[in-house]
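Single-structure report; data block below.
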Amino acid sequence: MKKNENQESRYNNVVLVPTDFSEVCNNAVNHGIELAQYLNYNICILHVINKESTAFMKKENLGIEYFENKLNEYKEKYKDVGTITIDTRIEEGSIFEVINKVATDVKANLMLMGTHGKKGLQHLFGSYALKVVLDSPCPVVVVQKRSFGEGYHNIVFPVNNVLEPRQKVQWALLMSKLFNSKIHLFQSLESDPVMNSRLQIITSQITRIFEENKVPYEITTADKSTDFADQLISYAVVNKSDLIMIMTMPNEDVPGFSFSSWDERLMFNDAQVPVMCINPIELGNYYYEWMRI
């Protein structure tokens with residue numbers, strides 16, 4: 001199928017990885033390199049010079065070439081990795097503003113973000129850590145110290161009756177094709193008959209797509225109607241999951257459901273399971289066609 005002009009201008013088969021050269025960001029770079037090979041994407045490694053970086057350079061009497069050399073170390077380390085192109089980029093300004101601007105500029109399909117957890121990410125990216133993810137023009141995989149390993153063979157896919165799951169389904173299909181993944185649908189427990197009926201309809205729609213695409217899956221329902229995030233994380237640990245896939249919901253206020261709390265608890269989980277955060281961007285059929293392999 002021929003690509004739509006809007007779709008073609010929006011994405012460029014690039015994985016973006018911001019780094020401050022810490023251990024956890026080095027892991028994010030490695031994670032991004034590995035994933036880019038599976039996706040057959042190129043990678044862009046970004047360092048943002050902000051106020052803290054400028055103060056560090058002044059204190060240590062360093063110039064911008066210090067950071068250029070650090071980025072070149074990545075190129076040297078991964079020079080023999082497959083056929084992917086590794087680009088590096090240095091930008092000055094607010095980390096919060098620059099990261100997503102660069103993601104748009106390079107037409108990134110995916111971003112890898114390293115963090116020590118909520119505290120660590122907020123230290124690195126300031127008080128707008130969650131907003132960086134929620135405002136991203138592309139999905140963001142939040143990783144901690146856990147390595148990429150052999151990919152995403154067990155993916156936890158939370159299902160509730162609030163978030164519209166179409167884009168998440170398409171990413172699940174893509175990952176399943178790449179890694180021969182099993183999708184673990186983890187349903188919320190709904191005591192209200194109307195809400196439960198809606199949940200079952202959503203689940204049925206998802207499983208029908210998986211069956212049509214021969215994607216292996218299983219369905220598990222939470223034991224309690226409360227603490228869904230904690231139950232989901234425990235389930236991911238017990239099932240040795242490689243990835244949790246969630247839809248975020250920026251700027252939405254749904255009674256009884258705190259999205260910022262939900263997103264934070266999953267993104268910065270103590271089990272260090274990588275989390276793919278997908279913003280509900282409406283791109284239509286061409287978006288889905290682009291993702292098919």
Side-chain angles (χ1 to χ4, degrees), residues 12-39 41-57 59-60 62-82 84-133 135-149 267-268 272 274-277:
N12 199 31
N13 291 354
V14 172
V15 176
L16 175 66
V17 188
T19 181
D20 66 350
F21 311 108
S22 64
E23 179 183 356
V24 73
C25 284
N26 289 341
N27 181 51
V29 171
N30 183 71
H31 202 110
I33 292 283
E34 296 275 5
L35 186 53
Q37 290 182 85
Y38 278 96
L39 291 164
Y41 288 179
N42 296 319
I43 191 163
C44 177
I45 307 173
L46 167 70
H47 178 68
V48 180
I49 298 178
N50 61 357
K51 292 180 181 178
E52 288 76 13
S53 303
T54 302
F56 169 76
M57 287 192 295
K59 179 181 178 181
E60 300 295 330
L62 299 171
I64 193 172
E65 64 275 3
Y66 171 80
F67 296 113
E68 291 173 344
N69 291 335
K70 297 286 285 184
L71 289 172
N72 285 332
E73 288 177 9
Y74 288 126
K75 282 190 171 183
E76 181 64 24
K77 180 178 180 179
Y78 297 106
K79 65 181 180 180
D80 298 324
V81 177
I84 65 173
T85 299
I86 302 174
D87 293 321
T88 59
R89 187 159 173 168
I90 294 177
E91 297 285 344
E92 296 187 32
S94 162
I95 291 176
F96 162 63
E97 295 175 349
V98 169
I99 290 175
N100 287 335
K101 179 181 182 299
V102 171
T104 301
D105 289 347
V106 303
K107 303 174 185 176
N109 302 67
L110 193 64
M111 187 190 307
L112 268 291
M113 185 176 292
T115 172
H116 292 282
K118 181 180 176 182
K119 182 178 180 182
L121 187 64
Q122 287 185 336
H123 173 72
L124 180 61
F125 294 119
S127 60
Y128 295 102
L130 183 62
K131 192 168 173 55
V132 171
V133 175
D135 285 352
S136 173
C138 61
V140 180
V141 179
V142 178
V143 301
Q144 299 184 49
K145 293 183 178 180
R146 180 169 171 172
S147 65
F148 182 74
M267 278 192 279
F268 313 127
Q272 299 196 11
V275 179
M276 174 180 276
C277 309

May I ask you to test the Phe21-His47 pair for a side-chain heavy-atom distance under 4.5 Å? yes

If you take all heavy atoms of Thr104 and Pro137, which pair is closest and at what distance? OG1-CG, 3.5 Å

How close do Val15 and Ala36 get, heavy atom to heavy atom, and via which atoms? CG2-CB, 4.2 Å

Side-chain heavy-atom pair Leu16, Leu110 within 4.5 angstrom cut-off: no

So, the side chain of Glu92 versus the backbone of Ile49: is there a donor-acceptor pair under 3.5 Å, distance only? no

Rounded to the nearest 0.5 Å, what's the gap from CG on Asn50 to CD1 on Ile95? Could you check? 4.0 Å

Taking the side chain as every heavy atom from C-beta outward, state whether Ile84 and Tyr78 have any atom pair closer than 4.5 Å. no

Side-chain heavy-atom pair Met276, Val140 within 4.5 angstrom cut-off: no

Step by step, work out the side-chain contact (heavy atoms from CB on, under 4.5 Å) result for Asn30 and Glu34. CA-CA 6 Å; Asn30 183 71; Glu34 296 275 5; 4.2 Å; yes

Shortest non-hydrogen pair, Val24 vs Gln144, comes out as CG2-O, 3.2 Å

Going from CE on Met113 to CE on Met111, what distance comes out if it is rounded to the nearest 0.5 angstrom? 5.0 Å

Could you tell me whether the side chain of Val106 reaches within less than 4.5 Å of the side chain of Asn12, counting heavy atoms only? no

Thr115 versus Val142: any side-chain heavy-atom pair under 4.5 Å? yes

Derivation and outcome, side-chain contact (heavy atoms from CB on, under 4.5 Å), residues Leu112 and Val143: CA-CA 7 Å; Leu112 268 291; Val143 301; 3.9 Å; yes

Ionic contact status for Lys75 with Asp87, cut-off 4.0 Å: no

If you apply the rule side-chain contact (heavy atoms from CB on, under 4.5 Å), what do you find for Val29 with Ile33, and how did you get there? CA-CA 6 Å; Val29 171; Ile33 292 283; 4.3 Å; yes

Salt bridge check: are Lys70 and Glu68 linked by an N-O gap of less than 4.0 Å? no

Val14 side chain near Tyr41 side chain, heavy-atom distance below 4.5 Å: no

Identify the two heavy atoms, one from Cys138 and one from Ser136, that lie closest to each other, and give their separation to 0.1 Å. O-OG, 2.6 Å

Do Ile86 and Ile45 come close enough that some side-chain heavy atom pair is under 4.5 Å? yes

One should read off an interatomic distance between Leu46 CG and Lys101 NZ, to the nearest 0.5 angstrom, of 10.5 Å

Between CG on residue Asp20 and CZ on residue Phe67, distance to nearest 0.5 Å: 10.0 Å

Reported CZ-to-OH distance for the pair Phe56 and Tyr66, which is rounded to 0.5 angstrom: 4.0 Å

NZ on Lys79 to CD on Glu76, rounded to 0.5 Å: 3.5 Å

Note: Cys25 and Thr19 closest approach over all heavy atoms is CB-OG1, 3.4 Å

Assess the residue pair His31 and Ser147 against the criterion (side-chain contact (heavy atoms from CB on, under 4.5 Å)); give the C-alpha distance rounded to whole Å, side-chain angles, the decisive distance to 0.1 Å, and a yes or no. CA-CA 7 Å; His31 202 110; Ser147 65; over 6 Å; no

Would you say Asn27's side chain and Arg146's backbone share a donor-acceptor pair under 3.5 angstrom? yes

